[in-house]
Amino acid sequence: MMLRAAGKRLLGAAPGGVGGGEAALAAAVTAARRGYHERVVEHYNNPRNVGAFDKDDADVGTGIVGAPACGDVMKLQIRVDEPSGRIVDARFKTFGCGSAIASSSVATEWVKGKQMEEVVAIKNTEIAKHLSLPPVKLHCSMLAEDAIKAAAKDYEAKKGKLAKSDE
């Protein structure tokens, strides 16, 4: 019964919609059995900022990173307000385990409203600590840190190209 409810939850057919009914209970029980912290479960069940921006927009930086050992792939994008230099929005798409999805979700929340110098200072250890990731899942928070840095680097590269084309 629990497996059926979890399967329905994954397929979006859970009674009561997202996060409700038997499926939510089944997901919580499964997560507890596997030792996931409640923050991981919350960000997995209700991920924030899922989606994508147009990668060709001048004010968008895109970071795509992967972990060959486990197959996780993470795309994190930031939208920067040029005059202020603040990140005004962030989106992610992640193919991977619950810890990878939760790390992506947390990363997008943490970068919003911050300056570029602040976001590149976010460390994987901070994400891992916030989510209480076990040692075997630390690579997920490392991917999130790498994705943030890659998105910032992509944005800076676009900004540099635009400055050269204006000359």
Side-chain angles (χ1 to χ4, degrees), residues 2 5-6 9-10 14 17-20 23-53 55 59-81 84-157 159:
M2 194 176 342
R9 166 73 174 92
L10 289 172
V18 174
L25 178 60
V29 169
T30 301
R33 213 178 298 139
R34 290 190 181 153
Y36 285 111
H37 189 274
E38 64 189 38
R39 281 192 213 98
V40 173
V41 175
E42 171 57 25
H43 279 275
Y44 175 76
N45 285 334
N46 303 298
R48 282 64 150 183
N49 310 306
V50 175
F53 300 127
K55 65 178 175 51
D59 60 347
V60 171
T62 302
I64 301 174
V65 295
C70 66
D72 292 346
V73 178
M74 189 178 290
K75 177 172 94 170
L76 188 138
Q77 294 179 296
I78 54 174
R79 182 179 302 279
V80 181
D81 176 56
S84 69
R86 286 204 178 281
I87 295 172
V88 293
D89 206 356
R91 294 280 182 263
F92 83 91
K93 286 188 176 182
T94 295
F95 178 82
C97 65
S99 296
I101 291 167
S103 294
S104 304
S105 178
V106 166
T108 59
E109 286 192 318
W110 285 8
V111 300
K112 285 185 184 181
K114 292 194 169 94
Q115 296 286 341
M116 202 64 72
E117 310 84 54
E118 294 175 276
V119 300
V120 296
I122 293 173
K123 298 291 178 208
N124 70 297
T125 52
E126 296 165 341
I127 296 169
K129 183 177 180 183
H130 177 74
L131 292 172
S132 299
L133 294 179
V136 72
K137 293 294 183 179
L138 290 181
H139 66 279
C140 298
S141 62
M142 289 178 203
L143 278 179
E145 178 186 344
D146 292 345
I148 292 168
K149 289 180 177 169
K153 185 177 179 180
D154 180 60
Y155 171 76
E156 294 294 339
K159 203 165 83 170

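Heads up: numbering here begins at 1 and tracks the sequence.
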Electrostatic pair Lys159:Glu156 at N-O distance under 4.0 angstrom: yes
Closest approach of Pro47 to Ile101 (non-hydrogen atoms, all atoms of both residues): CB-CG2, 4.3 Å
Closest non-hydrogen contact found for Ala52 with Gln77 is CA-OE1, 3.2 Å
Would you compute the distance between atom CD1 of Ile87 and atom CD of Glu118 and round it to the nearest 0.5 angstrom? 9.0 Å
Taking NZ in Lys114 as the centre, count heavy atoms belonging to other residues, nucleotides or ligands within less than 6.0 Å. Is the count above 12? yes
side-chain hydrogen bond (donor to acceptor under 3.5 Å, both in side chains) partners for Thr108, two or more places apart: Asn49
To the nearest 0.5 Å, tell me how far Leu143 CG sits from Leu76 CG. 11.0 Å
Sequence neighbours excluded - ring-ring contact (aromatic ring centres under 6.0 Å, His included) pairs with any residue from residues 91-123: Trp110-His130
With sequence neighbours excluded, what pairs up with Ala144 under the side chain to side chain contact (heavy atoms under 4.5 Å, CB included) test? Met74, Ser103, Ala107, Ile127
Taking only residues two or more places apart in sequence, or in another chain, which ones meet Thr94 in a side-chain hydrogen bond (donor to acceptor under 3.5 Å, both in side chains)? Ser104
Partner set under side chain to side chain contact (heavy atoms under 4.5 Å, CB included) for Lys123, not counting sequence neighbours: Thr125, Glu126, Glu145, Lys149
Quick one: pull up CE in Met142 and CG in Leu133 and give me the separation to the nearest 0.5 Å. 10.0 Å
Which heavy atom of Gly51 sits nearest a heavy atom of Arg91, and at what distance? O-CB, 3.4 Å
Sequence-distant partners of Arg79, side chain to side chain contact (heavy atoms under 4.5 Å, CB included), two or more places apart: Phe53, Asp57, Asp59, Val60, Val88, Asp89
Identify, with sequence neighbours excluded, every residue that meets side chain to side chain contact (heavy atoms under 4.5 Å, CB included) alongside His43. Arg48, Ala102, Ser105, Val106, Glu109, Leu131
Let me confirm one number: the CD1-CD1 distance from Ile148 to Ile78, rounded to the nearest 0.5 Å. 9.0 Å
How long is the span from the CD atom in Gln115 to the CG atom in Asp81, to the nearest 0.5 Å? 9.5 Å
Which atom names give the shortest non-hydrogen contact between Cys97 and Cys140, and what distance separates them? SG-SG, 3.6 Å
